[in-house]
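Working notes, structure below.
Nothing fancy with the numbering, it's 1 onward along the sequence.
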Amino acid sequence: MNSNYIIALDQGTTSSRAIVFDHDGSMIDSAQQEFTQHYPRSGWVEHDPQDIWNSQLDVLKTILTKYNPQNIAAIGITNQRETTLVWERATGKAVHPAIVWQDRRTAAYCDQLKQEGWTEKIQAKTGLILDAYFSATKCKYILDHIDNGYERAQKGELCFGTVDSWIIYKLTEGKVHTTDCSNASRTMLFNIHDLTWDHELLNLFGIPLEMLPSISESSEVVGYTSAKLCQKEIAIAGIAGDQQAALFGQMCTEPGMMKNTYGTGCFMIANTGSEVVFSKNKLLSTVAWKINGQVSYGLEGSIFVAGAAIQWLRDGLEFIEDAKGSESLAASVEDTDGVYFVPALTGLAAPHWDQYARGAILGLSRGTTKAHITRAALEGIAFQVNDVIDAMAEDLGDRPHELRVDGGATHNNLLMQLQSDLGNIKVVRPKVLETTALGAAYLAGLAVGYWTDIHSLKEQWRLDQTFESRTEQHKVQQRKKLWDKAVKRSMHWNNSDQIT
Ligand code: ADP
């Protein structure tokens, strides 16, 4: 193989990136461009589809200029999930702003569907909780708000896609309209058992099959970039939603292996192998990837506020100069002196799912200092993650013994130690923390023979540090009880019905 590098395109919620990896799986270089977020109304979040594309193309071109397209073996794509786009097949022009995963405009419609009794059927088919988060109701909204949306879609004039589809359509100049199973599984239109678009759900949401992308594997050549755009036809050979890509980049390829990303929020996925595990604890069942005809599933739990609580200590309370400073401040005290901090600043996600919960700091006394509160914030992140691990353990019937971690906040050694202590779990931090991009690069490289097999990738995985529990578990149990009590106090806070 003469080509030297693989490029991962990481199309995220706030920026587009292009990252270069070499044969050892080392990150060589990257380019990044942020783009504008639009908040036209409370609860609405939009992106301009052209901004997504322009920023992604710009960073790709920057990297190609530096590394020469002849040296690129393949491109892998990973992306913000669920965000919904509709464009004209003939012109490649978007007909509506992209509705971003965070957008809540279809929440009332989802409530109506719940009342009509769709919750269980939707979970059984798609593995998802009926919610505005996913693409289906967003796509319906777009069709309902453009002229003759349904009719045009039915005639094949319109294309629906998540961000991966949009980027691929553009890179191939309209030749390829596809998505992979991991992204499809976040649309709430995809049957995760037979891996096809579900006719009953398409009917329910009024979405014609004619507008949907084909379904690809996560690691296969789906098309080639236009030579006009990239000077060479480069194989587009890997696709996965960001969290699934991170699971792959962490090489959590065996059932029972689990990763957690500590960024603004936390995203945890456990690999459940060829089996769909349905949650009794409000977790999501999702497709992790499909490679060589083999599908792997995952069980997923998201937490909305994790690193964001540290940002709040920095910007809101001005306790620290930067996020890193949280570690030394929290380490300056032995413990939290009885303080508990529930970081439900925008509500609670898995496994509690209470959008009316709000942040709470409890157990304050005259002796409380900002160091105690900061330590309680770090513990609050760890306790929340622990709640998801507990929910997963219950659903999986077995408690995973190891948690692989990545994301910005994993640089905080104290947080990692607290995670291990409070969760009684081994926390494993790899050297490469860019696991999302690495996962997309791995998927692409496997498809074109740049890497031979998953086994050879596993050998590339390098440990940075492990953290083992050092606390007596009976003490942890007492503190968990107080944490549970604190969570209960934070719940339903912002719901006016509860104020009497
Ligand atoms: P995202 O991809 O969601 O933007 P990143 O993975 O870049 O997130 O991580 C940034 C988040 O991690 C921020 O919310 C920041 O407050 C937090 N963070 C970064 N470094 C630390 C640290 N040393 N200790 C605690 N939190 C940190």
Side-chain angles (χ1 to χ4, degrees), residues 256-262 265-266 268 270 281-283 299 301 303 305-307 309-310 326-344 348-352 357 359-365 367-369 371-405 407 409-410 412-429 465-491:
M257 293 181 83
M258 184 164 80
K259 74 93 197 174
N260 188 36
T261 301
Y262 297 76
C266 277
M268 200 185 308
N281 294 289
K282 300 186 185 163
L283 303 175
L299 192 61
I303 292 163
V305 174
I310 305 303
S326 63
E327 182 167 356
S328 48
L329 182 58
S332 70
V333 286
E334 281 275 297
D335 55 36
T336 67
D337 195 24
V339 176
Y340 286 79
F341 183 167
V342 185
L348 283 171
H352 309 287
I361 302 177
L362 295 146
L364 299 175
S365 68
T368 303
T369 65
H372 294 122
I373 293 175
T374 302
R375 194 175 175 105
L378 293 177
E379 284 196 1
I381 296 170
F383 270 127
Q384 285 191 106
V385 169
N386 200 32
D387 286 347
V388 179
I389 298 175
D390 285 347
M392 286 202 172
E394 229 176 278
D395 286 335
L396 297 170
D398 194 13
R399 193 176 175 82
H401 63 281
E402 176 181 305
L403 179 66
R404 292 193 173 186
V405 299
T410 51
N412 189 319
N413 287 334
L414 177 60
L415 173 62
M416 297 298 100
Q417 186 59 51
L418 289 168
Q419 189 67 72
S420 180
D421 290 342
L422 298 176
N424 193 21
I425 195 164
K426 184 167 148 194
V427 171
V428 177
R429 185 172 64 195
Q465 199 172 335
T466 56
F467 300 84
E468 305 265 7
S469 170
R470 299 196 295 225
T471 310
E472 292 165 60
Q473 282 307 303
H474 72 273
K475 287 190 185 152
V476 171
Q477 288 311 323
Q478 281 170 353
R479 301 185 52 212
K480 270 192 189 163
K481 278 190 190 145
L482 282 165
W483 163 257
D484 289 343
K485 197 166 153 187
V487 169
K488 286 205 177 79
R489 301 248 158 127
S490 79
M491 288 177 81

*Picking from Thr336, Leu362, Ile361, what satisfies side-chain contact (heavy atoms from CB on, under 4.5 Å) with Phe341?*
Ile361
*Pair listing, salt bridge (charged side-chain N to carboxylate O under 4.0 Å, His left out) test, anchored in residues 330-343, at least two apart*: none
*asked:* Can you tell me how far apart CG (Asp421) and NZ (Lys475) are? Round to the nearest 0.5 Å.
replied: 11.5 Å
*Quick one: side chain to side chain donor-acceptor pair (under 3.5 Å) partners of Glu468, sequence neighbours excluded?*
none
*Spell out, as yes or no, whether a donor-acceptor pair under 3.5 Å connects the side chain of Asn260 to the backbone of Val405.*
no
*Which atoms form the tightest heavy-atom contact between Ala357 and Met491, and what is the distance?*
CB-CA, 3.9 Å
Distance-only donor-acceptor hits, side chain of residues 478-489, under 3.5 Å, sequence neighbours excluded:
unit_1, atom_1, unit_2, atom_2, d
Arg479, NH2, Glu379, OE1, 2.4
Arg479, NH2, Glu379, OE2, 2.7
Trp483, NE1, Asp387, OD2, 2.9

*Roughly how far, to the nearest 0.5 Å, is the CG atom of Leu378 from the CG atom of Leu418?*
6.5 Å
*Nearest atoms (heavy-atom pairs only) where Lys282 meets Ala350*: O-CB, 4.5 Å
*Shortest non-hydrogen contact from Cys266 to Ile381?*
SG-CG2, 4.5 Å
*Could you pull out the closest heavy-atom pair between Leu283 and Met392, with the gap in Å?*
CD1-CG, 3.5 Å
*Return each pair, listed once, that meets side chain to side chain donor-acceptor pair (under 3.5 Å) where at least one residue sits in residues 393-403; pairs must be two or more places apart or across chains.*
Ser279-Asp395, Asn281-Asp395, Asn386-Arg399, Asp390-Arg399, Glu402-Arg404
*Which atom names give the shortest non-hydrogen contact between Ser326 and Asn412, and what distance separates them?*
OG-ND2, 3.3 Å
*Kindly write out the residues that satisfy side chain to side chain donor-acceptor pair (under 3.5 Å) with Ser332, not counting sequence neighbours, or none if the list is empty.*
none
*In chain order, what residues pass the ring-ring contact (aromatic ring centres under 6.0 Å, His included) check against Tyr340, with sequence neighbours excluded?*
none
*Is Ser420 reaching over with its side chain to a backbone N or O of Ile425, donor-acceptor style, under 3.5 angstrom?*
yes
_Looking at every non-hydrogen atom in both residues, tell me the closest pair between Val305 and Gln384 and how far apart they are._
O-NE2, 3.0 Å
